[in-house]
Amino acid sequence: MHESRAGTTSGRIVETEAYVVGDAACHAFRGPTPRNRSLFLERGHAYVYLNYGVWYLFNVSSESHGVGAGVLIRALEPLEGIALMQVRRGTDRVRDLARGPGRLTVAMDIDRRHDGLDLCADGPLWLGRISRPAAQIAASVRIGITRDADRMLRFYERGSPFVSGPVRLGRAGA
DNA sequence: AAGAAGATTCGCT
DNA sequence: GCGAATCTTCTTA
């Protein structure tokens, strides 16, 4: 949920990827830097960074304070503020508003201002139980990475049209 | 000190 | 299907 001056937008998280301790693909793997320091905050804090110099990607820290790890939020099913998301994204296709990590931050207007925020506390940007849980969750390899590429650390709601990438990538229980 | 790669998306061929 | 956009960090000289 993001409450901004322009209006409120919210969505159901339907796709995530875990970046865990000892994971060469995790930005925190080689220790804290100015960019990734939020990954070392207590679980539930935002880590937002600029990817390829173009797109912001939104993560949630997932370990204790001082331990660097997080979860990348890759896709949302839009709930509130769909009209505002359509303006921000420049498309009317609801399915494409937040299908993909870069698109999601545009639709929700998330950027480095939100880096380090406590997403479980009062504030403009937060996580909550505002919608139903997924009926079925599938796992697959993570998308777009080269290091530690075969770990099954991508999780998504099976059958959701709001999940990014080819749906056939998913193979549960491998 | 400079160059390359990286958790992406969009537009053109 | 390929390349551009262009920031941060890592690698190598």
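Every chain is numbered from 1 and lettered A, B, ... according to where its sequence line falls, protein lines coming before strand lines.
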| said: Can a side-chain donor-acceptor contact be found between A:T91 and A:D96 if the only test is distance below 3.5 angstrom? | reply: no
| query | What are the two closest non-hydrogen atoms of A:S131 and A:L79, and how far apart are they? | reply | CB-CD1, 3.9 Å
| query | If you take all heavy atoms of A:D109 and A:H114, which pair is closest and at what distance? | reply | O-NE2, 3.3 Å
| message | Would the distance check show the side chain of A:H2 and the main-chain N or O of A:M108 forming a donor-acceptor pair, the cut-off being under 3.5 Å? | response | yes
| query | Where do A:M1 and A:T8 come nearest, in terms of heavy atoms and distance? | reply | SD-CG2, 3.4 Å
| Looking across every strand, which nucleic acid part, if any, lies under 4.0 Å from A:R112 by heavy atom: base, sugar-phosphate, or nothing? | nothing
| query | In whole angstroms, how far is the P atom of C:dT9 from the CZ atom of A:R147? | reply | 13 Å
| request: Whole angstrom is fine here: how far is it from CG in A:D96 over to P in B:dT8? | output: 16 Å
| message | Minimum heavy-atom separation for A:D148 and A:G22, please, with both atom names. | response | OD2-O, 4.1 Å
| said: Could you walk me through whether A:T105 and A:D111 satisfy the side chain to side chain contact (heavy atoms under 4.5 Å, CB included) test, starting with their C-alpha distance in whole Å, then the side-chain angles of each, then the deciding distance to 0.1 Å, before giving a yes or no? | reply: CA-CA 7 Å; A:T105 55; A:D111 60 33; over 6 Å; no
| Dot-bracket encoding of pairs in DNA chain C, which uses [ ] for pseudoknotted crossings and | for another strand, Watson-Crick or G-U under 3.5 angstrom | |||||.||||||.
| query | Tell me: CZ of A:F29 to P of C:dT9, nearest whole Å? | reply | 17 Å
| said: Restricting to non-hydrogen atoms, name the atom on A:E17 and the atom on A:I143 that form the minimum distance, rounded to 0.1 Å. | reply: OE2-N, 2.9 Å
| Between B:dA7 (P) and A:L104 (CG): distance, integer Å | 18 Å
| task | Using only heavy-atom distances, determine whether the side chains of A:S62 and A:R43 contain a donor-acceptor pair under 3.5 Å. | result | no
| task | Report the C-alpha distance between A:I82 and A:V94 in whole Å, list the side-chain angles of each, state the deciding distance to 0.1 Å, and finish with yes or no for side chain to side chain contact (heavy atoms under 4.5 Å, CB included). | result | CA-CA 7 Å; A:I82 289 178; A:V94 174; 4.0 Å; yes
| said: When you measure from the side-chain N and O atoms of A:R89 to the phosphate of B:dC10, is any distance below 4.0 Å, counting only OP1 and OP2? | reply: yes
| request: Determine the interatomic distance between P on C:dT11 and the same-named atom on B:dA7; round to the nearest Å. | output: 14 Å
| query | Taking atom P in both B:dT13 and C:dA5, what distance in whole Å separates the two? | reply | 15 Å
| query | Do A:W55 and A:V106 come close enough that some side-chain heavy atom pair is under 4.5 Å? | reply | yes
| When you compare C:dG3 with B:dA4, how far apart are their P atoms, in angstrom units rounded to a whole number? | 15 Å
Are there any protein N/O atoms within less than 3.5 Å of an N/O atom in nucleotides 11-13 of chain B, and if so, which ones and at what distance?
none

For residues 23-30 of chain A, which side-chain N or O atoms pair as donor and acceptor with protein atoms under 3.5 Å away, sequence neighbours left out?
| unit_1 | atom_1 | unit_2 | atom_2 | d |
| --- | --- | --- | --- | --- |
| A:D23 | OD1 | A:A25 | N | 2.9 |
| A:D23 | OD1 | A:R142 | NH2 | 3.3 |
| A:D23 | OD2 | A:V20 | N | 3.4 |
| A:D23 | OD2 | A:R142 | NH1 | 2.6 |
| A:D23 | OD2 | A:R142 | NH2 | 3.3 |
| A:H27 | ND1 | A:Y47 | OH | 2.8 |

| said: In the structure I gave you, are the side-chain heavy atoms of A:L125 and A:F58 within less than 4.5 Å of one another anywhere? | reply: yes
| task | Evaluate the side-chain hydrogen bond (donor to acceptor under 3.5 Å, both in side chains) criterion for residues A:R99 and A:S164: first the C-alpha distance (whole Å), next the side-chain angles of each, then the deciding distance (0.1 Å), finally the verdict. | result | CA-CA 5 Å; A:R99 186 167 55 85; A:S164 77; over 6 Å; no
| Gap between atoms CZ and C1', on A:R93 and B:dT9 respectively (whole Å) | 15 Å
| task | Any chance you could lay out the side chain to side chain contact (heavy atoms under 4.5 Å, CB included) test for A:V60 and A:L119, step after step, and finish with the verdict? | result | CA-CA 8 Å; A:V60 182; A:L119 300 171; 3.7 Å; yes
List every contact pair, protein side and nucleotides 11-13 of chain C side both N or O, where the distance is under 3.5 Å.
| unit_1 | atom_1 | unit_2 | atom_2 | d |
| --- | --- | --- | --- | --- |
| C:dT11 | OP1 | A:R30 | NH1 | 3.4 |

| request: Measure the spacing between OG of A:S140 and CZ of A:R154 and express it to the nearest 0.5 Å. | output: 4.0 Å
| Does A:R103 have a side-chain nitrogen or oxygen under 4.0 Å from the phosphate oxygens OP1 or OP2 of B:dC10? | yes
| query | Closer to the 5' end of DNA chain B via nearest nucleotide, is it A:T146 or A:P101? | reply | A:T146
| query | For DNA chain B, which residues in residues 45-61 of chain A have a heavy atom at a distance below 4.0 Å? | reply | A:Y49, A:N51, A:Y52, A:W55, A:L57, A:N59
| query | Rounded to whole angstroms, how far apart are CG on A:D148 and C1' on B:dG6? | reply | 15 Å
| message | Roughly how many Å apart are B:dC10 and C:dT8, using the C1' atom of each and rounding to a whole number? | response | 22 Å
| field | Within residues 32-41 of chain A, residues whose heavy atoms come under 4.0 Å of DNA chain C | value | A:T33, A:P34, A:R35
| request: Heavy atoms only: give me the nearest A:R88-A:A6 pair and the separation to one decimal. | output: NH2-CB, 4.1 Å
